[in-house]
Amino acid sequence: MGRGRIEIKKIENINSRQVTFSKRRSGLLKKAKELAVLCDAEVGVIIFSTTGKLYEFASSRMEQILARYNKSRDSSEVATVENADQKELHSEVNALKDELEKLQLMHRRMMGKELEGLSFNELQDLEHILTEGILSVKDKKEKKLLEQLEKSRLQGQKVVLQNEALREQIEELRHHAGLSRENRVHGRKDSCITSSSIHEYILDKEANSDISLHLGLSSVDHCEKRKVPKIESNFKSRMVID
């Protein structure tokens with residue numbers, strides 16, 4: 001007759017618990033050793049009792065087994081995280097694809113295409129959106145036109161001011177040129193008058209010299225004779241006055 005099935009739960013009796021722990025610990029370590037030998041597996045078992053005592057078994061060095069365990073666990077966690085990231089990324093990509101399809105459909109409908117499945121309210125909403133869009137475009141176009149007109153006006157004013165400045169410069173240059181021409185003309189006139197005076201003086205001298213030579217007088221005597229009548233006439237005029 002076989003033994004009955006033992007209910008798996010905590011043993012309340014301390015002595016019975018300690019006996020069961022000792023027996024099953026020995027059996028577990030034995031099974032671990034057999035597994036390592038029979039299957040050429042790397043096995044490590046760590047057991048702590050309720051009192052904190054350590055029991056362990058390792059088919060090789062325990063540190064090597066623990067290092068391999070940690071490395072494998074880290075790789076598993078990394079793989080798990082990568083899988084989770086891939087799933088999340090895949091979900092985001094699918095959501096973006098759906099959003100893009102919706103936007104493309106909305107664009108085609110705003111262009112007046114694929115309107116067959118729309119209800120009256122949906123068509124009315126679409127018309128409202130298009131109307132608002134057209135008004136916005138018109139307002140923006142008017143603003144751009146006004147800005148261009150204002151820019152053209154400012155440029156025209158700038159050109160007018162530049163033309164006025166150039167005109168003033170031209171008038172100033174003309175004025176200076178006229179003054180220079182007048183100065184040159186007056187200089188020529190003065191030189192002509194001086195030349196004429198000198199020429200007349202020379203002719204007069206030559207004429208007096210010819211007369212003196214013709215009468216057989218020197219130029220000095222001629223000058224004295226010309227001075228004498230002038231003195232006599234002055235004397236006569238004084239006598240008359242007296």
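Panel note: side chain Arg17, backbone Ile11; a donor-acceptor pair is recorded below 3.5 Å. A distance-only check finds a donor-acceptor pair linking the side chain of Glu122 to the backbone of Ser119 [under 3.5 Å].
Contact of the His176 side chain with the Glu172 side chain is registered, since non-hydrogen atoms from C-beta on lie closer than 4.5 Å. Side-chain contact check for Ile47 versus Leu54: every heavy-atom pair is 4.5 Å or farther apart.
Rounded to the nearest 0.5 angstrom, His107 NE2 and Lys113 NZ are separated by 8.5 Å. Separation of atoms CZ (Arg108) and CG (Leu115) is listed at 11.0 Å; rounding is to 0.5 Å. Rounding to the nearest 0.5 Å places CG of Leu149 at 11.0 Å from CG of Leu154. Atom CD of Gln64 is separated from atom OG of Ser59 by 8.5 Å, given to the nearest 0.5 angstrom. Atom OG of Ser26 sits about 9.0 Å away from atom OH of Tyr55, to the nearest 0.5 Å. Atoms CZ and OG1, on Phe21 and Thr51 in that order, are 7.5 Å from each other to the nearest 0.5 Å.
The number of heavy-atom neighbours closer than 6.0 Å to CZ of Arg68, taken from other residues, nucleotides and ligands shown, is 12 or below. In this structure, Tyr69 places its OH atom where only 12 or fewer heavy-atom neighbours from other residues, nucleotides or ligands lie under 6.0 Å away. Dense packing is recorded around CG of Leu166, with more than 12 heavy atoms of other residues, nucleotides or ligands lying under 6.0 Å away. For CZ of Arg24, the number of neighbouring non-hydrogen atoms (other residues, nucleotides, ligands) closer than 6.0 Å is 12 at most.
Residues Val43 and Ile46 do not share a hydrophobic cluster, defined by chaining ILVMFWY side chains whose heavy atoms lie under 4.5 Å apart. Linking Ile, Leu, Val, Met, Phe, Trp and Tyr whenever their side-chain heavy atoms come within less than 4.5 Å leaves Ile65 and Leu29 in two separate clusters. Residue Met62 is not grouped with residue Phe57 when hydrophobic side chains (ILVMFWY) are merged at heavy-atom distances under 4.5 angstrom, including chains of intermediate members.
With sequence neighbours left out, the salt bridge (Lys or Arg N to Asp or Glu O under 4.0 Å) criterion links Glu171 to Arg174.
Of the candidates Gln155, Gln148, Glu147, Gln155 is the only one forming a side chain to side chain contact (heavy atoms under 4.5 Å, CB included) with Lys151.
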In a table with atom names and distances, give each donor-acceptor pair under 3.5 Å that connects a side chain of residues 89-106 to protein atoms at least two apart or in another chain.
{"residue": "His90", "atom": "NE2", "partner": "Asn94", "partner atom": "ND2", "Å": "3.3"}
{"residue": "Ser91", "atom": "OG", "partner": "Lys87", "partner atom": "O", "Å": "3.0"}
{"residue": "Asn94", "atom": "ND2", "partner": "His90", "partner atom": "O", "Å": "3.2"}

Side-chain atoms of residues 124-134: list all donor-acceptor pairs with protein atoms under 3.5 Å, sequence neighbours left out, distances to 0.1 Å.
{"residue": "His128", "atom": "NE2", "partner": "Glu132", "partner atom": "OE2", "Å": "2.6"}
{"residue": "Thr131", "atom": "OG1", "partner": "Glu127", "partner atom": "O", "Å": "2.8"}

